[in-house]
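As the structure lists them, so they are numbered: ligands from 1, and atoms in each ligand from 1.
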Amino acid sequence: MLRAKSAQLISEAKALIPGGVNSPARAWGSVGGDPLFFKRASGSRIWDVDDNELIDYVCSWGPMILGHAHPAVIDAAIDAARLGTSFGAPTELEVEMARRVVDAVSSIEVVRFVNSGTEATMSALRLARAKTGRDKILKFNGGYHGHEDALLVEAGSGLANQGIASSAGVHPDYAAATLVADYNNVDSVRALLEANKGEVAAVIVEPIGGNMGVVTPVAGFLEGLRDLTTEHGVLLIFDEVISGFRVALGGAQSAYGVTPDITCLGKIVGGGFPVGAYGASAEIMSEVAPLGPMYQAGTLSGNPVAMAAGIATIDELSKSGVYEGLQAKTDKLADGVLDVFRKSGVPAVINRACGLMTVFFTNNEVTDMDSASATDREAFGAFFHGMVDNGVYLPPSQFEAWFVSTAHTDADIDLTLDRVAKSLPS
Ligand code: HOZ
């Protein structure tokens, strides 16, 4: 596989951009080597600057659920851009988009659009503190919610890849106000809420873990969080930046039937453009300025091009059979990969949800950050490089999700399985 142009670009980028990347998860630090640079993508395929064509299971880390450059989304964005790309004033598109989110997500009566998932979780925490008058928050080991200061403690995703427990530069008071429980362990939450009675504003959780690899909630976990937070007067925040509009139109909260107080969205909601959102009941959202005293703002928030792309994406996802089709593709891929490994005697487990999966090289169940960390990460690195060399692009880390899109065809998945057989870790 020729990589001359990527190699040239990363050496130039490293002098200009920290590590040559604008988000650490894109570096290949935990698997070794330098990242590919890409120039074009369409449907399930992505082309690097050396003209290598790869089947893409990163899909921009989630937003491209319809595949790359979906015609309806691109047309909507171009049409909107021709009318002007930003006004810094309200538009009809924001109302249309808000209506779609409110109709789809049961916990949201009122929604505020921001520019990223990080802004959504940051604002949700501020809202929870404003509403409850309390300071502490509780998150989970291996949970990643963007780079808001209070949440960069025992975080997954890029921090886990780099072995950084908590980011440097976070004010110690923020870190001290963050409690960390174990995912899928209601007792660890109960103990922390008891020990910090009356002080915790919010529990923030990915209802389907997506940043320690995919880790699904065990039966009773989300229900237990709902009961405990209600009992302690704590707000329950679902970070659905990954699971929102992916596992169902209504997100994981509709799939699991557990309703949070505040929901954070990102990725798919912008149709490939920078959009995040947080929403809740009208009563909770009345804290937000200009209605209430919790301030949050943004020049490009509700940007018309991004809103148009988001609307087109949600409209495509609202068509009948979309999620059944995506689940079937995910199952075909996950079952097929497991089959190849079993026949070859490679120990592996696969965690999955609709449009999401992660392969872990282990014989044990992966239910939290500790069990994800105990898997064979060297084997993952070897498998990752084998797959890229064979034309399949995977997340360059054990602690990330593979994203399946509606554009992946049965033929793509068959080809992927063929490539898996050629990429087995020794
Ligand atoms: N938030 C993504 C990982 N879970 C990384 C985004 C990026 O690096 O582009």
Which is closest to atom 6 (C) of ligand 1 by heavy-atom distance: Trp61, Phe399, Tyr144? Trp61
Side chains of Tyr278 and Leu265: does their closest heavy-atom pair fall under 4.5 Å? no
Once you round to the nearest 0.5 Å, how far does CD of Glu154 lie from OG1 of Thr178? 11.0 Å
Exercise: do Ser243 and Glu240 side chains pair donor with acceptor under 3.5 Å: yes
Distance filter under 4.0 Å to Ser23 heavy atoms, resulting ligand 1 atoms: 6 (C), 7 (C), 8 (O)
Just one of Val234, Ile237, Val189 clears the side chain to side chain contact (heavy atoms under 4.5 Å, CB included) bar with Thr229, so which one? Val234
Mark the output for Lys267 as yes if a heavy-atom distance to ligand 1 is under 4.0 Å, and as no if none is. yes
With backbone taken as N, CA, C and O and side chain as the heavy atoms from C-beta onward, which portion of Val21 lies under 4.0 Å from ligand 1: side chain, backbone, both, or neither? neither
Quick one: which ligand 1 atoms are inside 4.0 Å of a heavy atom on Ala25? 5 (C), 8 (O)
Show the atoms of ligand 1 that are less than 4.0 angstrom away from any heavy atom in Glu400. 3 (C), 4 (N)
Does a sphere of radius 6.0 Å around CZ in Phe37 hold more than 12 heavy atoms from other residues, nucleotides or ligands, not counting ones at 6.0 Å or beyond? yes
